[in-house]
Amino acid sequence: MPRNYQKESPTAFQRLPEYQRDEEWIRAFLREANVGHIASAQDGQSFINPTTFWFDEQKHQIIFHSNLAGRIRSNIESNARVCFEVSELGKMLPANVALEFSLQFRSAIVFGRARLVDDPGEARRVMYGLIHKYFPAMTPGKEFREITDKELKRTSVYAIKIEEWSGKENWKDRADQSDEWPPLDEKWFE
């Protein structure tokens, strides 16, 4: 019978606790991951969108931006509760029984509330943080023009205040194999 997750913390009940990672691991992974997915909802319809992002450790928030108008903005304005995911996939892991097929993965899930960053000074600060993550050797005012007021008015900058998070990692070389079935030939592991 499925577990009832109603009125539970979104990070409750890790199915495989041996894959669970601590807060320092999550912080490091959020600093390094390149693409995240923001999930929002409105009127019972979920929406997920890939995005670049920056983990603002000082303020314990995730920064991203999107179009001035669109589904993300509409959803967040009506329902600030969001979920944010980052992941990395490795190799596929074959097994000799169907339920043990697996893959290498690392992932972090963030739960929180998103808000529009409407203060121009704060929006500039977090946008420069986002740019610096992907282009650390570039300097505003030197290699590229500093962010203008006109440019800030053409985008929506968001901050997700992190309320809870979880991290998982399975980077084993092989999936579990059963002794109830003949072992796989080594060719499947090459």
Side-chain angles (χ1 to χ4, degrees), residues 9-11 19-42 45-90 104-169 171:
S9 160
T11 60
Y19 293 167
Q20 191 170 347
R21 296 298 177 254
D22 64 17
E23 288 200 7
E24 189 49 47
W25 184 95
I26 296 169
R27 289 176 188 282
F29 190 59
L30 288 173
R31 283 191 295 266
E32 297 301 320
N34 285 318
V35 176
H37 295 87
I38 178 77
S40 60
Q42 187 177 108
Q45 176 60 60
S46 8
F47 178 70
I48 192 160
N49 192 52
T51 187
T52 57
F53 72 98
W54 173 52
F55 173 40
D56 179 356
E57 290 188 74
Q58 181 183 15
K59 301 265 184 174
H60 199 62
Q61 61 187 4
I62 300 291
I63 302 300
F64 72 99
H65 72 99
S66 73
N67 293 329
L68 186 59
R71 189 176 298 233
I72 290 286
R73 182 151 181 175
S74 176
N75 286 2
I76 289 172
E77 285 177 348
S78 71
N79 178 8
R81 296 200 60 74
V82 297
C83 182
F84 183 78
E85 178 273 347
V86 294
S87 57
E88 176 186 357
L89 302 179
Q104 294 173 325
F105 70 89
R106 295 179 176 107
S107 67
I109 307 285
V110 169
F111 300 91
R113 295 181 187 275
R115 68 177 173 84
L116 186 64
V117 178
D118 52 11
D119 175 72
E122 182 185 6
R124 276 187 181 81
R125 180 188 76 80
V126 299
M127 286 300 292
Y128 284 134
L130 177 64
I131 292 167
H132 182 74
K133 174 185 177 178
Y134 295 96
F135 302 96
M138 296 182 79
T139 305
K142 185 176 178 186
E143 284 86 16
F144 65 97
R145 185 183 69 211
E146 293 184 8
I147 298 170
T148 66
D149 289 340
K150 184 177 178 181
E151 290 167 335
L152 282 179
K153 290 178 182 173
R154 291 180 35 220
T155 190
S156 296
V157 180
Y158 299 96
I160 302 170
K161 187 67 178 170
I162 299 169
E163 295 171 355
E164 293 189 64
W165 59 13
S166 65
K168 290 172 39 175
E169 179 180 42
W171 215 263

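On a predicted model such as this, the values are computed, not experimentally measured, just so you know.
A heavy-atom distance below 4.5 Å is not found between the side chains of Ser87 and Phe105. Side-chain contact between Leu116 and Ile76 is absent, with no heavy-atom pair separated by less than 4.5 Å. Contact check for Ile131 versus Phe144: side-chain heavy atoms found under the 4.5 Å cut-off. Two residues are said to be in side-chain contact when any heavy atoms from C-beta on lie closer than 4.5 Å; Asn34 and Tyr134 meet this criterion. No side-chain heavy atom of Glu151 sits less than 4.5 Å from a side-chain heavy atom of Glu146. You'll find the side chain of Asn79 stays beyond 4.5 Å of the side chain of Gln42, heavy atoms only. Residues Arg125 and Lys59 have side chains in contact (heavy-atom distance under 4.5 Å, counting atoms from C-beta outward). Under the 4.5 Å side-chain criterion, counting only non-hydrogen atoms from C-beta, Leu68 is in contact with Arg73.
Glu32 CD: 12 or fewer foreign heavy atoms inside a 6.0 Å radius. Heavy-atom neighbours of Glu143 CD from other residues, nucleotides or ligands within 6.0 Å: above the threshold of 12. Heavy-atom neighbours of Arg71 CZ from other residues, nucleotides or ligands within 6.0 Å: at or below the threshold of 12.
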Next item on the list: Could you check Ile160 against Phe53 for side-chain contact (heavy atoms from CB on, under 4.5 Å), going step by step and ending with a plain yes or no?
Entry: CA-CA 10 Å; Ile160 302 170; Phe53 72 98; over 6 Å; no

Checklist line | Working for salt bridge (Lys or Arg N to Asp or Glu O under 4.0 Å), residues Arg81 and Glu164 | finding: CA-CA 12 Å; Arg81 296 200 60 74; Glu164 293 189 64; over 6 Å; no

Next item on the list: Give the intermediate values and the outcome of side-chain contact (heavy atoms from CB on, under 4.5 Å) for residues Ile62 and Phe55.
Entry: CA-CA 5 Å; Ile62 300 291; Phe55 173 40; 4.0 Å; yes

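Not one N or O on the side chain of Thr51 forms a donor-acceptor pair closer than 3.5 Å with the backbone of Gly36. Arg27 places no side-chain N or O within donor-acceptor distance of the main-chain N or O of Glu57, the cut-off being under 3.5 Å. Side-chain atoms of Tyr128 come within 3.5 Å of backbone atoms of Ile147 as a donor-acceptor pair (strictly under, hydrogens ignored).
Electrostatic pairing of Lys168 and Glu85 does not count as a salt bridge here, judged by no charged N lying under 4.0 Å from a carboxylate O. The pair Asp56-Lys161 does not count as a salt bridge, with every side-chain nitrogen at least 4.0 angstrom from each carboxylate oxygen.
In plain terms, the two heavy atoms of Val157 and Ile63 that are nearest each other are CG1-CG2, 4.4 Å. In this structure, Phe111 and Cys83 approach most closely via the heavy-atom pair CE2-SG, 3.8 Å.
Of the listed residues (Asp119, Leu152, Val117), just one forms a side-chain contact (heavy atoms from CB on, under 4.5 Å) with Arg124, and that residue is Leu152.
Relative orientation of the Phe84 and Phe64 rings is parallel, given thresholds of 30° and 60° on the angle between their planes.
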